[in-house]
Amino acid sequence: VQLQASGGGLVQAGGSLRLSCAASGRTFSGYNMGWFRQSPGKEREFVAAISRSGAGTHYANSVKGRFTISRDNAKNTVYLQMNSLKPEDTAVYCCAADDQVVSTRSWEYDYWGQGTQVTVSS
């Protein structure tokens, strides 16, 4: 499956952005999806994950209550709605897919899209 992330940009603290990740190549509904982020000098960090049907979601504690992951299997797209953004949310955000588990661990994902930059100014 090929993944294409979009929607990043520059936003002031307290603002919102919605990231999208469009999938192609295989049956999107067969994949659990995750969002990860990485900022300079830091390791890749789990953000959120969603099950194939969308019924199950997981969030990092740092984004819980502010970010919402969702998916539209008819549009082959997973979303990350980010509200109340903070400067520490600044990072490159990547989407990933796996057909086995809904995981918070990056090494369990088999497919990755390119990142989209999110910059939050104070």
Side-chain angles (χ1 to χ4, degrees):
V1 63
Q2 291 79 45
L3 304 173
Q4 179 81 30
S6 61
L10 174 63
V11 63
Q12 289 188 333
S16 298
L17 281 174
R18 188 176 81 155
L19 305 184
S20 299
C21 175
S24 61
R26 292 192 180 182
T27 304
F28 177 68
S29 60
Y31 292 90
N32 303 297
M33 301 296 297
W35 284 99
F36 292 79
R37 66 187 182 187
Q38 188 168 19
S39 51
K42 294 186 177 181
E43 293 188 354
R44 182 179 289 168
E45 176 188 20
F46 168 75
V47 177
I50 190 166
S51 63
R52 296 180 188 89
S53 67
T57 57
H58 302 274
Y59 296 93
N61 288 335
S62 58
V63 307
K64 201 172 293 183
R66 301 188 297 122
F67 291 11
T68 302
I69 189 171
S70 62
R71 65 191 296 161
D72 186 336
N73 285 344
K75 295 183 178 180
N76 292 347
T77 303
V78 62
Y79 305 98
L80 185 68
Q81 177 66 45
M82 305 186 295
N83 299 329
S84 303
L85 282 161
K86 304 175 181 179
E88 52 264 42
D89 294 319
T90 295
V92 175
Y93 284 70
C94 295
C95 56
D98 187 79
D99 62 359
Q100 296 297 319
V101 296
V102 183
S103 178
T104 64
R105 297 181 285 268
S106 61
W107 61 87
E108 293 191 303
Y109 286 84
D110 293 326
Y111 305 97
W112 290 83
Q114 94 299 344
T116 184
Q117 176 71 48
V118 172
T119 303
V120 185
S121 63
S122 57

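One is the number of the first residue; the rest follow in order along the sequence. In this text, all values refer to a predicted model and were calculated from it rather than measured experimentally.
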Are [X] and [Y] linked, directly or through other ILVMFWY residues, by side chains that come within less than 4.5 angstrom of each other?
| X | Y | result |
| --- | --- | --- |
| Y31 | W112 | no |
| I50 | L17 | yes |
| V120 | V47 | yes |

Atom pairs and distances, donor-acceptor, side-chain atoms in residues 58-65, under 3.5 Å, two or more places apart:
| residue | atom | partner | partner atom | Å |
| --- | --- | --- | --- | --- |
| Y59 | OH | I69 | N | 2.9 |
| N61 | OD1 | K64 | NZ | 3.3 |

[X] side chain to [Y] backbone, donor-acceptor under 3.5 Å:
| X | Y | answer |
| --- | --- | --- |
| D72 | T77 | no |
| R52 | G30 | yes |
| Y79 | T68 | no |
| Q38 | A91 | no |
| R71 | S51 | yes |
| R44 | C94 | no |

**Study point:** Residues in side chain to side chain donor-acceptor pair (under 3.5 Å) contact with S106, at least two apart in sequence or another chain
**Key:**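 By the side chain to side chain donor-acceptor pair (under 3.5 Å) rule, S106 matches no residue at all.
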**Study point:** Test side chain to side chain contact (heavy atoms under 4.5 Å, CB included) applied to R37 and T90, step by step
**Key:** CA-CA 9 Å; R37 66 187 182 187; T90 295; over 6 Å; no
For [X] and [Y], which heavy atoms make the closest approach, and how far apart are they?
| X | Y | result |
| --- | --- | --- |
| V78 | M33 | CG1-CE, 3.8 Å |
| S84 | D89 | O-OD2, 4.5 Å |
| S29 | N73 | CB-ND2, 3.6 Å |
| A49 | V102 | CB-CG1, 3.8 Å |
| A48 | L80 | CB-CD1, 4.1 Å |
| N32 | D99 | ND2-C, 4.3 Å |

**Study point:** Side chains of F36 and T104 in contact at under 4.5 Å (non-hydrogen atoms)
**Key:**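 F36 vs T104: side chains apart.
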Exercise for review: Could you grab the distance from atom CG of L19 to atom CZ of F67, nearest 0.5 Å is fine?
Suggested key: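 Here the rounded value is 8.0 Å.
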Review point. Going from CD on E45 to OG on S39, what distance comes out if it is rounded to the nearest 0.5 angstrom?
Key: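 The CD atom of E45 sits 7.5 Å away from the OG atom of S39.
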**Study point:** Partners meeting disulfide bond (SG atoms under 2.5 Å apart) with C21 (sequence neighbours left out)
**Key:**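 By the disulfide bond (SG atoms under 2.5 Å apart) rule, C21 matches C95.
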Exercise for review: Evaluate the side chain to side chain contact (heavy atoms under 4.5 Å, CB included) criterion for residues Q114 and Q4: first the C-alpha distance (whole Å), next the side-chain angles of each, then the deciding distance (0.1 Å), finally the verdict.
Suggested key: CA-CA 6 Å; Q114 94 299 344; Q4 179 81 30; 3.3 Å; yes
